Amino acid sequence: MPTLLEISTHLFLQIVVILVTYRLLWPLFRRLGQVQVVVIMIAGFLLGPSVFGWAWPQAQEWLFPTKLMVGETSIVHPNLTAIYVVGQLGLVLYMFLVGSSFQLDIFGKHVRQAGATSMTGVAVPMVLGGVVGWWLVGQGKFFTGGVVNWQGALFLAAAVAVTAFPILAWIVYDSGLMNTRLGTMAMAVAAVDDLCAWVLLAVVVATAKDSPGGVYLAVGGGAAYLLFMFFVARRWLARLHTWAPRRGDSETAGGLPVGQLTVVLLVVLLAAAVTDFVGIHSVLGAFVAGIVMPRGELLDRIRARFEPLVGYLLLPVFFIYTGLNTKLSLIFDPTVLLVTAVVLVVSFVGKFGAVGLVARTQGMGWREAGAMGALANARGLMELVLLNVGLTAGLITSELYTVLAIMTTVTTCLATPLQRMFERSAWKNGMVFGPGGEEPKEATAPQRPQQPPADPARL
């Protein structure tokens, strides 16, 4: 059994390798029109058994051990546990930062359109994914023996319907869409889609374990949490808005008041713990905690201090944990390859088509609606979290995990280039995506850069 010092030293080395790999990949993927979070996700897959483990298995197993033999018993390696915990902390803090950046004023102006688009963006992929899931249960190698047809249908419905809120938020931020109708509505759709997907997952996990109480806890506990945060906690936290920096204040940490910063961290971590306990995952709890935080200089300073640390140190650790569970060699099985193709088509068409068409009927121009459909296909982070839950709960096999991991990577990598294609089309016609939708260039808000979106082919 490794000592605590050996575990921490090895963890530091693992993080160094993750960051170096990401930075080496970034120049290439930047030319392909990708954002940095997608590159971090791909770096995690490359360092797993599918690529690094195939090229140099001894080095991969030493650097990223997953099992430890204690006598004749195999247990989870302590370093894998450390990676998981650090990755979850990064995920929770990142989702809080995303929630704290959510533009409630823009969302309020377009709540009807966001609601209709969200419902369709959930319903259509769920139906298509449910049909595929029902079929896969009968194939015998994608779900474990205790999963019946309707449970498999619900799991695939959730997997196809989900939109990765953290990945999408990063794409929206990197693309300069944070203060636009497109960016705000895309994140609203993702939030609704993820909530529905997690409720479905809670139903499947609870029924697979013969624990219907888990379903009631997820639905009832989730509803109670939302009501408490929006109607009680929000009023309490409003007192933080009265804070203003004072010269010579000794109770500060990096320009932040220690007392208020402690309150914010306590709220975020408690929110994550509560939503994890009720079964709807910590990321949604942290996101809601960010939404209810009062806007002002304090929150702006917290974001400015935390974003680099979370985005470029803690969050990458989550992706390596996911990469260690992906085995791309399974794709060479003809049945797995066929299922991968089916899942890819259903996932892409279901999201892009449904969200794009409904957004168009809700008053968006065809370019903005197309960009909306493209962004909705960014499944990345939330999909990977969902897959890890399914694998840990004994619902899915390595084959289905790999199929859905490939689908996640492909659809997420396509999201940004497609969105930029529609944005370049708008630019060429004298329009940009602004707070009110497609607007003339000269009418955009001053914080939106007046320059054409990057063309990956010209970088």
Side-chain angles (χ1 to χ4, degrees), residues 88-111 114-115 118-119 122 162-166 168-169 178 184-202 214-243 256-257 259-303 306-307 310 381-382 385 389:
Q88 290 299 308
L89 177 62
L91 193 59
V92 165
L93 291 177
Y94 182 70
M95 285 304 298
F96 161 71
L97 295 174
V98 170
S100 68
S101 301
F102 195 75
Q103 300 298 314
L104 295 173
D105 54 341
I106 299 177
F107 175 71
K109 296 176 182 177
H110 306 287
V111 63
S118 299
M119 290 301 101
V122 169
V162 75
T163 295
F165 199 101
L168 178 61
M178 187 61 74
T184 301
M185 285 189 59
M187 290 198 293
V189 169
V192 174
D193 291 0
D194 287 354
L195 180 60
C196 293
W198 281 109
V199 170
L200 285 183
L201 182 64
V215 180
Y216 301 128
L217 180 62
V219 176
Y225 169 76
L226 290 175
L227 291 173
F228 175 81
M229 292 299 288
F230 279 102
F231 293 102
V232 180
R234 192 172 188 177
R235 294 181 179 179
W236 290 348
L237 294 171
R239 300 174 185 175
L240 295 173
H241 188 61
T242 61
W243 173 83
L256 294 172
Q260 285 87 339
L261 177 61
T262 303
V263 170
V264 171
L265 291 176
L266 285 174
V267 170
V268 174
L269 296 177
L270 280 173
V274 168
T275 48
D276 247 346
F277 173 76
V278 301
I280 58 174
H281 207 274
S282 56
V283 293
L284 293 177
F287 170 66
V288 173
I291 287 182
V292 301
M293 285 291 168
R295 271 49 176 169
E297 186 174 357
L298 175 63
L299 197 59
D300 292 340
R301 290 193 176 201
I302 290 176
R303 285 203 304 268
F306 277 60
E307 280 174 355
V310 173
L381 196 56
M382 291 302 294
V385 173
V389 172

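Since the structure is predicted, the reported quantities are computational estimates derived from the model, not experimental observations. These numbers come from the heavy atoms of this one structure, side chains and all, not from hydrogens, waters or symmetry mates.
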Atom CG of Leu97 and atom CD1 of Ile302: how far apart are they, to the nearest 0.5 Å? 9.0 Å
Only one of Glu297, Arg295, Arg301 clears side-chain contact (heavy atoms from CB on, under 4.5 Å) with Leu299; which? Arg295
Can you give me the closest heavy-atom contact between Val92 and Ser282, atom names plus distance? CG2-OG, 3.5 Å
About how many Å separate OG1 of Thr275 and CZ of Phe287, when rounded to the nearest 0.5 Å? 12.5 Å
For the residue pair Ala271 and Gly285, what are the closest heavy atoms and their distance? CB-O, 3.5 Å
Using the side chain to side chain contact (heavy atoms under 4.5 Å, CB included) criterion, which residues pair with Asp300? Sequence neighbours excluded. Arg303
Which atom of Pro294 lies closest to which atom of Leu240, heavy atoms considered: CG-CB, 3.9 Å
Just to verify, what does Leu226 make a side chain to side chain contact (heavy atoms under 4.5 Å, CB included) with, not counting sequence neighbours? Phe230, Val288
Name the residue from Thr262, Val268, Leu261 that meets the side-chain contact (heavy atoms from CB on, under 4.5 Å) definition with Leu265. Leu261
Listed by chain and number, what are the side chain to side chain contact (heavy atoms under 4.5 Å, CB included) partners of Val267, not counting sequence neighbours? Met229, Leu237, Val263, Ala289, Met293
Looking at every non-hydrogen atom in both residues, tell me the closest pair between Val274 and Tyr225 and how far apart they are. CG1-CD1, 4.2 Å
